[in-house]
Structures are given as structure tokens and as C-alpha cells.
Amino acid sequence: MQRLTPDQYVDGILAGDRLILSRAITLVESSLESDQVPALQVLERIMAQTGRSVRIGITGVPGVGKSTFIETFGKHLTGLGKKVAVLAIDPSSRRSGGSILGDKTRMETLSMDPSAYIRPSPAGGTLGGVANRTRETLLLCEAAGFDVILIETVGVGQSETLVHSMVDFFLLLMLAGAGDELQGMKRGIMEMADAIVITKADGANTAPADQAKGLYQNALHLFPPAPTGWVSPVLTCSALENRGIVELWQVITDHQSLLTRNGFHDRIRQEQNLEWMHSTIRRHLESRFYHLPGMNEKIGAAEEAVRNGHLLPLQAALQLLGPTA
Ligand SMILES: Nc1nc2c(ncn2[C@@H]2O[C@H](COP(=O)(O)OP(=O)(O)OP(=O)(O)O)[C@@H](O)[C@H]2O)c(=O)[nH]1
Ligand SMILES: [Mg+2]
């Protein structure tokens, strides 16, 4: 696609032009060498207009109801007069290539809402790389005037930690009656959650959802108290019947006011910025190393030597890293 000048992107974004916002996001997502400097220039120039949104991360296992929840929750927020952007970090979209298309049809009403903007997750690259671009996309959306940014991720592996490192409020969606082993797996994620929402609390699932709420409330009590003073609540909701949505938004605004009052809001964002800087450094160092001239062949030879037992993995790694190691 033809590129605009950095100023054209900036003017368009600040004017709230969706088309230009989308093109600017494509620019910051690009791995083309020639896009790197203009992308940085755009980001530098919009920086002063960022930081004013409520950044919310949403996670949960596939099928828990994330997309349906975002649709209902997003509509509630636009109903309150808020502009809502939906971003996704979806490691599975790289494998299947299809899940976001599915999402767009699930968020049909929201995607047609003039106050909402849904951006498919960036494809390709490492999870870390994709996450970095999501941070930058978030800033572009803030500069374009979005009040609430929802970042969705599938509940697998590292992606929660990444989303957690870029949001103010981290929401974990859970199903009633999920197996013990699943709950065990989720412990680390539960500890990061600012609220747990039991989804699909409707029909025959209402009672199990209430039961699950009690269980998770007890489980959360076992975690050490958060330094922010926030006590993570457990709620039930039905996205289909539009229940629990108002209450959840209240919880999020309560959280915002507490952390704004006690200074943690800014402190956490500062720490997230440092983490962003370091993860960018790590990503660039790694990419620089693997792209060194002749590195492919050297790695091939080293792999062979390690496979044959001629070299210890540590020796091989240190040799490849060279004098800097
Ligand atoms: N009864 C009921 N069903 C729901 C509710 N929310 C979602 N569902 C259903 O649960 C299924 C999965 O919902 P999605 O919103 O696609 O779930 P998801 O977490 O986005 O799934 P992935 O994108 O695959 O990770 C769909 O068939 C929805 O209709 C709800 O509040 N009540
Ligand atoms: Mg989904």
C-alpha cells in the first residue's frame, strides 16, 4: 500500500480519521526496513496525545465467550458515549490464520457501531514482536481519541503476561464447572487478574455460575494482598442476556479511581514503559544476532555438532555468540 508522510498520518489520527488510523497501524506493524523510521516519527509526534484511555486486557480459554462478551460490553460502553477500540493478541491466528475473521462476524453489532473500532490482530512474527506492535497500536488508538481500549488474548501460554504488561485492568473470563486441572493451570493467571468474571451465567448455567463464583472468591482469598490495595472481585455475567455488564464497568471505574488516588496508576504505567523498552532491546538484539552474515550456516554447523555430541550446547552457544558473550 502507498505510504503517507508522517505528518499526514499524524494529522489524520488526531482528526480521528479511521482510514488513516488503520493505515498508520499497518505502518507500525510493518517489518519493512523502510517503514521503521516513519513509524517512529509518527509515534513520537502523537505521544503527547496518548495515555488517557482506560486500557483493559481480557483473557480466557477458547470458547469462554470473550468475543461475545466484548461485543456486549463494548456496546454498553458506546452507549455511555465512550469510544471503544478492540485489539487482539492472538497467538493462534498465526497458526490457523482464521480466528479473527470468525471474531469479526461474532462482533457484528459492535463492528458496525460508529463509536467502535475493531482491529484484527497482527499476523506473523514472534509473540513478543506482535505484542510490541500492539502497544504501539494502542498508543495510536489513544491519540485517535478512543476512551477505552480492549485487548483480547486467548488463554494460552505467554500471551497473558504480555497483555498484563500493557493494561491498567486485567480481566479473566472463566467458565463454571471447568475441571480442576484447568484451574490449576490458571493459578498464575488468576493471580494477575483484577477481576474474574464467570461467563454464560444464564439459563441452566445460572446456578453453576454462582457456585463457581463462590469457589473462585475463596481461591482469590488465598493469594497475598496486592500492593495497590485492590481486592479482586469475582462476578458473574451473561453477555447474551446482558447481565453483569453494568456491574463490571463499575468495578473497573472503582479500580481506576483507587489507583489514581493512591498513585499506583502512574507508577504501574511507568514500570510498563520500562518493560516495553527492555523487551524492545531484547527483541532487536535477538533479531540482529540471527541476521548476522553467515549466521545461518554457523548455526546449522553448531546444531550438527551438538546433535552428534561433539559440542556441549553451552559451548556451541558461546562460540556462536562470539566475543560479546
Ligand atoms: N449461553 C451463553 N452462551 C454464550 C455467552 N457468551 C458466549 N456464548 C457462546 O459461547 C460460544 C463461544 O463464544 P465466543 O464469544 O466465540 O468465545 P471466545 O472466547 O471468543 O472464543 P475463541 O475466540 O475461540 O477463543 C459461542 O457459541 C457463544 O454463543 C453467554 O453469555 N451465554
Ligand atoms: Mg473470540
Which value, rounded to the nearest 0.5 Å, describes the distance between [X] atom [atom1] and [Y] atom [atom2]?
X      : Y      : atom1 : atom2 : value
Asp11  : Asp7   : CG    : CG    : 6.0 Å
Ile25  : Thr137 : CD1   : OG1   : 5.0 Å
Asn205 : Thr199 : CG    : OG1   : 8.0 Å
Met174 : Leu215 : CE    : CG    : 10.5 Å
Gln319 : Lys298 : CD    : NZ    : 10.5 Å
Leu259 : Arg269 : CG    : CZ    : 11.0 Å

Within the structure provided, determine whether [X] and [Y] are in side-chain contact (heavy-atom separation under 4.5 Å).
X      : Y      : answer
Ile20  : Tyr9   : yes
His164 : Thr161 : no
Phe73  : Cys237 : no
Ile245 : Phe69  : yes
Trp230 : Asn262 : no
Phe146 : Lys82  : no

* Worked verdict on Leu171 versus Val197 for side-chain contact (heavy atoms from CB on, under 4.5 Å) -> CA-CA 7 Å; Leu171 182 63; Val197 168; 3.6 Å; yes

Check [X] against [Y] and note the closest heavy-atom contact, atom names and distance.
X      : Y      : result
Asp113 : Lys75  : OD2-NZ, 3.2 Å
Thr78  : Val84  : CG2-CG2, 3.9 Å
Thr50  : Leu139 : CG2-O, 3.4 Å
Arg55  : Leu138 : NE-CD2, 3.2 Å
Leu21  : Cys141 : CD1-N, 4.2 Å
Val251 : Pro233 : CG1-CG, 3.8 Å

* Pair Thr72, Asn242: side-chain N/O donor-acceptor within cut-off below 3.5 Å -> no

Is it true that [X] and [Y] fall in one hydrophobic cluster, defined by side-chain heavy atoms closer than 4.5 Å?
X      : Y      : answer
Val246 : Leu80  : no
Leu258 : Leu235 : yes
Leu27  : Met47  : yes
Val231 : Phe264 : no
Val234 : Met192 : yes

* Could you walk me through whether Arg52 and Glu142 pass side-chain contact (heavy atoms from CB on, under 4.5 Å), step by step? => CA-CA 7 Å; Arg52 279 177 227 120; Glu142 285 185 342; over 6 Å; no

Less than 4.0 Å between a side-chain N and a carboxylate O, is that true for [Y] and [X]?
X      : Y      : result
Asp202 : Arg243 : no
Glu29  : Arg119 : yes
Glu275 : Arg282 : yes

* To do: Assess whether side-chain contact (heavy atoms from CB on, under 4.5 Å) is satisfied between Val54 and Phe169, documenting all intermediate values.
  => CA-CA 8 Å; Val54 183; Phe169 193 93; 5.5 Å; no

* Asked: Of Ile70, Val148, Ile149, which meets side chain to side chain contact (heavy atoms under 4.5 Å, CB included) against Val86?
  -> Ile70

* Among Val42, Ile46, Val28, the one residue meeting side chain to side chain contact (heavy atoms under 4.5 Å, CB included) with Glu136 -> Val28

* Verify side-chain contact (heavy atoms from CB on, under 4.5 Å) between Ile189 and Leu172, making sure each step is shown before the conclusion. => CA-CA 8 Å; Ile189 297 164; Leu172 173 61; 3.9 Å; yes

Would you confirm whether [X], through its side chain, and [Y], through its main-chain N or O, come within 3.5 Å as a donor-acceptor pair?
X      : Y      : value
Tyr290 : Met295 : no
Gln41  : Pro6   : no
Glu286 : Arg283 : no
Asn308 : Glu304 : yes
Thr280 : Trp276 : yes
Arg3   : Pro38  : no
Glu152 : Ile58  : no
Glu271 : Ile268 : no
Ser111 : Met107 : yes
Lys200 : Ala176 : no

* To do: Let me see the working for Arg135 and Ser165 under side chain to side chain donor-acceptor pair (under 3.5 Å), right down to the final yes or no.
  => CA-CA 10 Å; Arg135 283 192 175 96; Ser165 75; 2.7 Å; yes

* Hey, mind stepping through Gln270 and Asp266 against side chain to side chain donor-acceptor pair (under 3.5 Å) and telling me if it holds? -> CA-CA 6 Å; Gln270 275 165 13; Asp266 289 351; over 6 Å; no

* Begin with the C-alpha distance, continue with both residues' side-chain angles, and end with the deciding distance and a verdict on side chain to side chain donor-acceptor pair (under 3.5 Å) for Ser53 and Asp147. => CA-CA 5 Å; Ser53 80; Asp147 308 297; over 6 Å; no

* I would like to know whether Ser159 and Thr153 meet side chain to side chain donor-acceptor pair (under 3.5 Å); could you show each step before the answer? => CA-CA 7 Å; Ser159 59; Thr153 189; 3.0 Å; yes

